[in-house]
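Read through the structure below, which is laid out as structure tokens, and then see the notes.
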There are 2 protein chains.
Amino acid sequence: MATIYEVSELAGVSLATVSRVMNDSGKVTAKTRKKVKAAMRELGYRPNSIARSLASSRTDSVGVLVPMFYGPFYGEILSGIETELRDAGKHVIITAGHSDKASEEAGIEFLLSRNCDALILHVDAVDDDYLKKLCRESVPIVVIGRHVAGFEDHCINLDNELGGYLATKSVLVLGHKKLAYISGPLWKHDAHDRLQGHKRALMEHGLEFNAQLLYEGNFREASGSRGLEELLRIGQPFSAVICANDEMAAGALGVARERGLEIPEDLSVIGFDNVFFTRYFRPKLSTIDYQISGMGQMAARAVLKIVYGDKDLEVQNMFQPTVVMRSSVTCKTGP
Amino acid sequence: MATIYEVSELAGVSLATVSRVMNDSGKVTAKTRKKVKAAMRELGYRPNSIARSLASSRTDSVGVLVPMFYGPFYGEILSGIETELRDAGKHVIITAGHSDKASEEAGIEFLLSRNCDALILHVDAVDDDYLKKLCRESVPIVVIGRHVAGFEDHCINLDNELGGYLATKSVLVLGHKKLAYISGPLWKHDAHDRLQGHKRALMEHGLEFNAQLLYEGNFREASGSRGLEELLRIGQPFSAVICANDEMAAGALGVARERGLEIPEDLSVIGFDNVFFTRYFRPKLSTIDYQISGMGQMAARAVLKIVYGDKDLEVQNMFQPTVVMRSSVTCKTGP
DNA sequence: AGCTAGAATGTAAACGCTTACATTTTTATT
DNA sequence: AATAAAAATGTAAGCGTTTACATTCTAGCT
């Protein structure tokens, strides 16, 4: 592989000039530039990014940590991140954190050891102070799907509270009075906020939140099934169930079918996330929609802005969810 | 950030010794090793992987190119790759190729410029010679989901021909005689091979392949819909349709429902891939299953073996598909 | 004690770039 | 044409490691 030295020899200029041509930095005459470029082409020169990084202490790479790769979610996030960063000539190093503290920290350590210029993190288990300290002492970070107080411009977030509110509200306006709620693990920020929104909507309609009609799941399908079973078991009546994500809604739908409950006649169901495979549900699931890959893209932009000095890039830190009404929800009729 | 030099000073040894401790190379007394490790800990030393790469011309990173991140497929592949490589202390740099020649080549170039030690590629558009040349002249590669002649130990592949054969066979043995086939784009290797398998099964049962009952889709849901519409339109009778993947099967199922065709009574449908969301289809889709993430894992192992000299690692180059019979297929009754 | 083989450690030259600073060339001004 | 200022180019010192080779220990012999 040709080095910058060979290029400089062939072009009859110094190393520095070649470097300047490569980086579009400093002044170079058009004539010299042409000579150098010709030499590069002739030698099939490809700059060694490792040497470049060592000398400049920038790696042009961004580390990304997501809980996992599979499922409907993180693929989209990653897609948004990669597209945006690649267009800017940055590399993406990706690793998984498994929503587990030790694993998340190990992942971050792993990325740091690779000298990433910045980190984009979707982490659940590590705490806010750890993140702030990390950003202060090691490397700039951008956090997706989480609010870290006093750190707002480094956070790309969905208004989960609003989402929970809208989901609930859209059921309440149809006359439902008794609502059950299947939440995600409440130590997770998004799960917690969605439930808060639910409570706010209830309050607004003069209804009391009934803790017996809350089931705390784990965002996975099976916990949605267990949730509805449990809620039915305790015998408190309800005409609609709000699920904090679509996968749990899928579980609930499955149990409803087994029990012979007609959806939406006997029970209205609403999900959250609008993941792509909800199109296969029957009846079609009403849910809360937002731009998943858009959030990834924004995280990438935030990095471009904060770290690589792309000052006039627009970054949207907060995303607004909207309601998608399909056929799993209907008016409350009868008593 | 502390450097190796500061560690060596604090420990009262030379740079070389610190390096030896870090890499477990060469001989170091237990006592010295202890001193060095203590110094590392005290300084919170973290080796600079960039400098290390420059000096050793190994980056301990593997470039991965997949067509895209979203969808049910590549997330699993990536998951398999990342887990295996991370355990081996290697980094993963990921980029997307969009099944487009220019984009795939750009992606590969991109990874090469990052000095990856090896590449794992899931590419459709570039040709075999390009891949062989790449491996010969630039960097070792492992190819997923594709057969490159004379290059078998660098390929991790599914026996697509067998899959197509099994899918078809499993319908034929139930008495179906008129089969339609919705294929992927036939320039893609997997699509082509699956169709070959289909033909072999037909032949084995003494049936002639009828080109009018073939529709060439693009592996996406909408083309499955169009495919079944088209097949119905031409008026040739058939009692079962084999789809070259589950997404197209989903499209076909949708059209069948619209047309009031009962599945499987009026039409048997079988898919391919067994992606996770087929569980939501009604009726449940019969399909062809294989280890998606296992293929990613094997690709990673192949790299470990070929590039990093992990000699006694077992690599399975060919994966065997199996039939999963669910309720979208039934016996052929009547004429 | 003196010698030696082998083990442990040290020395210093890469690796391929960037960049502050020094030098030379060009252009503008008088 | 002489001079100053600005522009272009060159020089050389890093960046933090690895590693071939050189040197210094250590222990086992005689």
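Throughout, protein chains are lettered first and strands after them, A, B, ... in sequence-line order, and every chain is numbered starting at 1.
- Note: CG (A/Asp60) to P (C/dC17) measures 14 Å, nearest angstrom.
- Within the structure, a side-chain polar atom (N or O) of A/Asn23 is placed less than 4.0 Å from OP1 or OP2 of C/dT18.
- Between atom NE2 of residue A/His147 and atom NE2 of residue A/His189 there is a gap of 9.0 Å, rounded to the nearest 0.5 Å.
- The 5' end of DNA chain D is approached more closely, in terms of each residue's nearest nucleotide, by A/Ser14 than by the other of A/Ser14 and B/Thr3.
- Chain A approaches DNA chain D within less than 4.0 angstrom (heavy atoms of the protein), and the contacting nucleotides run 5' to 3' from D/dA8 to D/dG16.
- Taking 4.5 Å as the limit, every side-chain heavy atom of A/Asn317 sits out of range of all side-chain heavy atoms of A/Asn157.
- For residues 89-112 of chain A, the pairs satisfying ring-ring contact (aromatic ring centres under 6.0 Å, His included) are A/His91-B/Phe110, A/Phe110-B/His91, with sequence neighbours left out.
- In this structure a side-chain-to-backbone donor-acceptor pair under 3.5 Å is missing from B/Ser293 to B/Ile77.
- Going from atom CG of A/Leu15 over to atom P of C/dC15 covers 13 Å, rounded to whole Å.
- Here the options are A/Asn23, A/Thr59, A/Asp60, the test is side chain to side chain donor-acceptor pair (under 3.5 Å), and the partner is A/Arg52; only A/Asn23 passes.
- Residues A/Glu82 and B/Thr95 have side chains that bring a donor and an acceptor to within less than 3.5 angstrom of each other.
- The stretch residues 27-37 of chain A comes close to DNA chain D through A/Lys27, A/Val28, A/Thr29, A/Thr32, each having a heavy atom under 4.0 Å from the strand.
- Taking only side-chain nitrogens and oxygens, A/Ser19 comes nearer than 4.0 Å to OP1 or OP2 of C/dT18.
- The interatomic distance linking B/Tyr5 (OH) with C/dT11 (P) rounds to 10 Å, in whole Å.
- By the 4.0 Å N-to-carboxylate-O rule, A/Asp128 lies close enough to A/Arg146 to be salt-bridged with it.
- B/Tyr290 and B/Asp159 form no side-chain donor-acceptor contact under 3.5 Å, judged by distance and modelled atom types alone.
- Along DNA chain C, the nucleotide closest to B/Ala51 and the one closest to B/Val13 are compared, and the more 5′ of them pairs with B/Val13.
- The distance between atom CZ of B/Arg58 and atom C1' of C/dG16, rounded to the nearest whole Å, is 19 Å.
- Spacing between atom CG of B/Asn48 and atom C1' of C/dC15 amounts to 13 Å, rounded to whole angstrom units.
- Of the residues near DNA chain C, B/Gly12 and B/Ser56, the one whose nearest nucleotide (by heavy atom distance) lies more toward the 5' end is B/Gly12.
- Ion pair A/Asp24/A/Arg33 flagged as a salt bridge, since at least one NZ, NE, NH1 or NH2 atom sits closer than 4.0 Å to an Asp/Glu carboxylate oxygen.
- C/dG16 atom C1' lies 9 Å from atom CG of A/Leu54, rounded to whole Å.
- Contact between the side-chain N/O atoms of A/Tyr45 and the OP1/OP2 oxygens of C/dC17 is found at a separation under 4.0 Å.
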